[in-house]
Amino acid sequence: MTTHSGFVALAGRPNVGKSTLVNSMVGHKVAIVSDKPQTTRRAIRGVVTAPDRFQLVLTDLPGVQRPRDALTERMQHRVESELREADAALFVINGEQGVGPGDRFIAEALSGSPVPVVIAVNKVDRLDRPRTVLALNAAAELGLEDAEVFPVSARTGRGVPPLLDHLAGLLPEGPFYFPPDEVSDQPESVVLAELVREQVLNRTRQEVPHAVEVQVDEITEQDELVIVRAFLWVEAESQKGILIGARGRMIKAIGTAARRELERELGKRVHLDLSVRVRRSWRGDETLLDRLGIT
Ligand SMILES: Nc1nc2c(ncn2[C@@H]2O[C@H](COP(=O)(O)OP(=O)(O)OP(=O)(O)O)[C@@H](O)[C@H]2O)c(=O)[nH]1
Ligand SMILES: [Mg+2]
């Protein structure tokens, strides 16, 4: 039997819902989501397998942005190289905000790409019919003539199955790259670290969410209990103070919520040990970025 397989890379401004859409298509939470821009820092592959038919590997990526430091430089570089190597690009637009200069910039970059481009106009759950039509028209006028446009809500799942079918139809013949039951390529330590970071993002504002990275340093299993030790890297003492909170209330809240997420992910009881560490301008520290797997 012939199978089809390939990579579809997601492009779009920060916060448009790329990670939410990948999770929805995969049917499993492979990437964390937040209402802060620049949530995603790595290329994360989410795998959709239809046995004996196709394997669609979605590459979730950071939002397209202007680099400011070594971290964002690596993120942007990764976006460009993944898009170059993919079999197709899925360009995600925030239908609620409409098309803006950031989207035009991405459209321009994609128009020079040799691979097919598909456009998803996301967050249509926030739009009535006339506004949905306007958003779809604006997307169709981005200068990507051959791109099909799909209205979707990554949050509710509406419109996602036809998009998935269309993407699967673009895949070339080829073998499966991942075992059929695998949903992501991320190492367990990164998956767990990201789940902790998601809880930090949920509870912090302004500069703090951008200044935090989580590193899982140890995962050990004792009987039915998994012990996870993680560092929360921040850039300044003041940020450390915020993460710990008055009488340790903040770090306790992060830890409790994160532990629940880890237990859901692992299907086991978890003991989570968090410690906050200051490393000045870690976002500019190439060695630490290497160690954190942000390449
Ligand atoms: N109403 C609504 N909100 C959505 C939808 N999809 C995503 N969101 C919300 O939009 C915000 C950003 O979602 P993400 O999936 O993190 O966006 P992203 O494009 O991956 O963002 P970066 O990783 O920062 O580039 C979150 O608060 C999501 O819950 C949707 O279909 N409808
Ligand atoms: Mg994301």
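Nothing fancy with the numbering, it's 1 onward along the sequence. Just so you know, ligand 1 is whichever comes first in the structure, and atom 1 is the first atom listed for that ligand.
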Taking atom types as modelled, find out whether Arg13 and Gln97 have a side-chain donor-acceptor pair closer than 3.5 angstrom. yes
Of all the atoms in ligand 1, which lie at a distance below 4.0 Å from a heavy atom belonging to Arg126? 1 (N)
Can you confirm whether or not the ring centre of Phe176 sits under 6.0 Å from the ring centre of Phe54? no
Around atom CG of Asp223, are there more than 12 heavy atoms from other residues, nucleotides or ligands closer than 6.0 Å? no
Quick one: do Asp285 and Arg279 make a salt bridge, cutoff under 4.0 Å? yes
Contact between ligand 1 and Ser34 is defined here as a heavy atom of the residue under 4.0 Å from a ligand atom; is it met? yes
With the 4.5 Å side-chain cut-off for hydrophobic clustering, are Val22 and Val152 part of the same group? yes
List every atom of ligand 1 that sits less than 4.0 Å from any heavy atom of Gly63, numbering the atoms from 1 in the order shown and giving each element. 25 (O)
Any nitrogen or oxygen of Leu61, side chain or backbone, less than 3.5 Å from one on ligand 1? no
Just to be sure I'm reading this right: ignoring hydrogens, which of Arg13, Lys18, Gln38 gets closest to atom 25 (O) of ligand 1? Compare them by their nearest heavy atoms. Lys18
Check whether any N, O or S atom of Thr39 sits under 2.8 Å from the Mg ion (ligand 2). no
Any salt bridge between Arg42 and Glu194, counting N to O under 4.0 Å? yes
Which option out of Lys123, Glu198, Arg158 puts a heavy atom nearest to atom 5 (C) of ligand 1? Lys123
Provide the number and element of each atom of ligand 1 under 4.0 Å from a heavy atom of Asp35. 27 (O)
Give a yes or no on whether Arg264 atom CZ has more than 12 heavy-atom contacts from other residues, nucleotides or ligands under 6.0 Å away. yes
Please list, in number order, the atoms of ligand 1 under 4.0 Å from a heavy atom of Ser153. 31 (O)
Please identify which atoms of ligand 1 are closer than 4.0 Å to at least one heavy atom of Pro37. 24 (O)
